[in-house]
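One structure below.
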Number of protein chains: 2
Amino acid sequence: MRLGEGVEWAIHCCTFLAVLPPGSPLPAARLAEFHGVPPAYLAKHLQALARAGIVVAVPGAKGGYALGRPADDITMLDIVDAIDGAAPAFTCTEIRQRGPAAVEAAKYRRPCSIARAMWDAEHAWRAELKKRTVGEIARGLAGDVAPEAAVKTAAWYQEVKR
Amino acid sequence: MRLGEGVEWAIHCCTFLAVLPPGSPLPAARLAEFHGVPPAYLAKHLQALARAGIVVAVPGAKGGYALGRPADDITMLDIVDAIDGAAPAFTCTEIRQRGPAAVEAAKYRRPCSIARAMWDAEHAWRAELKKRTVGEIARGLAGDVAPEAAVKTAAWYQEVKR
DNA sequence: AGAACTCGGACAGTTACTATCCGTAATCGA
DNA sequence: TCGATTACGGATAGTAACTGTCCGAGTTCT
């Protein structure tokens, strides 16, 4: 089981947009430049975020992306679902109905215990992601690294917005 | 994020081996026949289970596979790790060190909050899978379907073992 | 109105998963 | 001892998902 790299990029972009002064969208190319990732590919993921309403896309000159709602109302799960898709990781193919022990479909009242157990685990994963919001992450992000990085970030932003 | 189909097959095989009378291994071809899955491909996954010690492989005529330890000592997580690999689904590529705001590596004391949040969620998923054992699942499996299926299973097993 | 800039979807390359086959080694029954 | 059966590993294709890039449509500013 592997989570696409785009999920990481999307979360970083959202947390970054959360710490930026609001009211001024940032182009996809600038977001890619700041994070050191391929611009064209990041744009694709940003489009997915826009479709989910997590960010709003502002077209035209001086356009770009901005958060679609308050950072505290955006959960990690929202982003993961938008990028990776909301389809469950485990899909029950009902192999119990495929062998020589199969009986007519109506006799299977509930999904098999195996699928239930896998789905329970997945629910725990999603519940944990739902607890964490972009706002919370953004506030804690500064403590991960020396204040020097925040200074460089501010300098870069001023340069870009000039 | 998607979990390979082989995981489902492996769990079904383990729970099936758990309800079978012990002391008599079942060939991979029989396991594939009972579950209605491609024999050659299932064999690959069974080999992975054997490498992990979850099942024991008995070579030669009258050989096959049997559980490697009591069913209550085999967790769902054991099987998932054996088939899908124990590598974490989310891998932090440290993109915070790649942009114009990057500072020297030593300044990053702890992993970024984003990675920690993702890993916490993954830990919750693994913890849930670790709670459930093959023995527990096997005991509950019969209740999912009409008793008729158990009869057909027993008949098939007697035919195979003849 | 013109120009510049942006998003948006359509188009290839790469990796991982699915699936199969064959040769080798080991075990049991005759 | 010989043949049948079975697990094991490698080599080999096909398929789907992820990664990556491009150019056109629409919008905003001057």
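Computed over heavy atoms, backbone and side chain alike; hydrogens, waters and symmetry mates excluded. Per chain, numbering begins at 1; letters A, B, ... match sequence-line order.
Atom CD in B:Gln47 sits about 10 Å away from atom C1' in D:dG10, given to the nearest Å. Rounding to whole angstrom units, NE2 of residue A:His35 and P of D:dG20 are separated by 16 Å. Rounded to an integer number of Å, the gap from A:His45 NE2 to D:dT21 C1' is 13 Å. Rounded to an integer number of Å, the gap from CG of A:Leu3 to P of C:dT15 is 20 Å. Taking atom CZ of residue A:Arg2 and atom C1' of nucleotide C:dA16, one finds them 8 Å apart after rounding to whole Å. Put simply, CG on B:Leu49 is 14 Å from C1' on D:dA7, counting in whole angstrom units. Between the P atom of D:dT6 and the CG atom of B:Leu31 lies a distance of 12 Å, rounded to the nearest Å. Between the CG atom of A:Leu46 and the P atom of D:dT21 there is a distance of 15 Å, given to the nearest Å.
With respect to the salt-bridge test (charged N to carboxylate O, under 4.0 angstrom), the residues A:Arg126 and A:Glu128 do not qualify. Salt-bridge annotation for A:Asp81 and A:Lys130: absent, with no side-chain N of the basic residue lying under 4.0 Å from a carboxylate O of the acidic one. Salt bridge A:Lys107/B:Asp144: absent, no basic N to carboxylate O contact under 4.0 Å.
Using a 4.0 Å heavy-atom distance criterion, B:Ala29 is classed as making no nucleic acid contact. Using a 4.0 Å heavy-atom distance criterion, A:Ala57 is classed as a sugar-phosphate-only contact. Nucleic acid contact class of A:Arg30 (heavy atoms, under 4.0 Å, all strands): none. Among the heavy atoms of the strands, none lies under 4.0 Å from A:Ala43.
Inspection of the B:Trp156 and B:Glu33 side chains reveals an N or O donor paired with an N or O acceptor under 3.5 Å. Side chains of B:Ser113 and A:Arg132: a donor-acceptor N/O pair is absent below 3.5 angstrom, by distance only.
Side-chain nitrogen and oxygen atoms of B:Arg51 include none within less than 4.0 Å of the OP1 or OP2 phosphate oxygen of D:dA7. The phosphate of D:dT19 (OP1 or OP2) has a side-chain N or O of A:Tyr41 nearer than 4.0 angstrom.
Between A:Glu5 and B:Ala28, the residue anchored nearer the 5' end of DNA chain D, judged by the nucleotide with its closest heavy atom, is B:Ala28. Between A:Lys44 and A:Gly63, the residue anchored closer to the 5' end of DNA chain C is A:Gly63, taking for each the nucleotide with the nearest heavy atom. Nearest-nucleotide mapping onto DNA chain C: of B:Gly60 and A:Tyr65, the residue sitting toward the 5' end is A:Tyr65. Two residues, A:Trp9 and A:Ala61, neighbour DNA chain D, and the one matched to the more 5' nucleotide by heavy-atom proximity is A:Trp9.
If you check C:dA19, D:dG20, D:dA7 against the side chain of B:Pro38, the one that comes closest is C:dA19.
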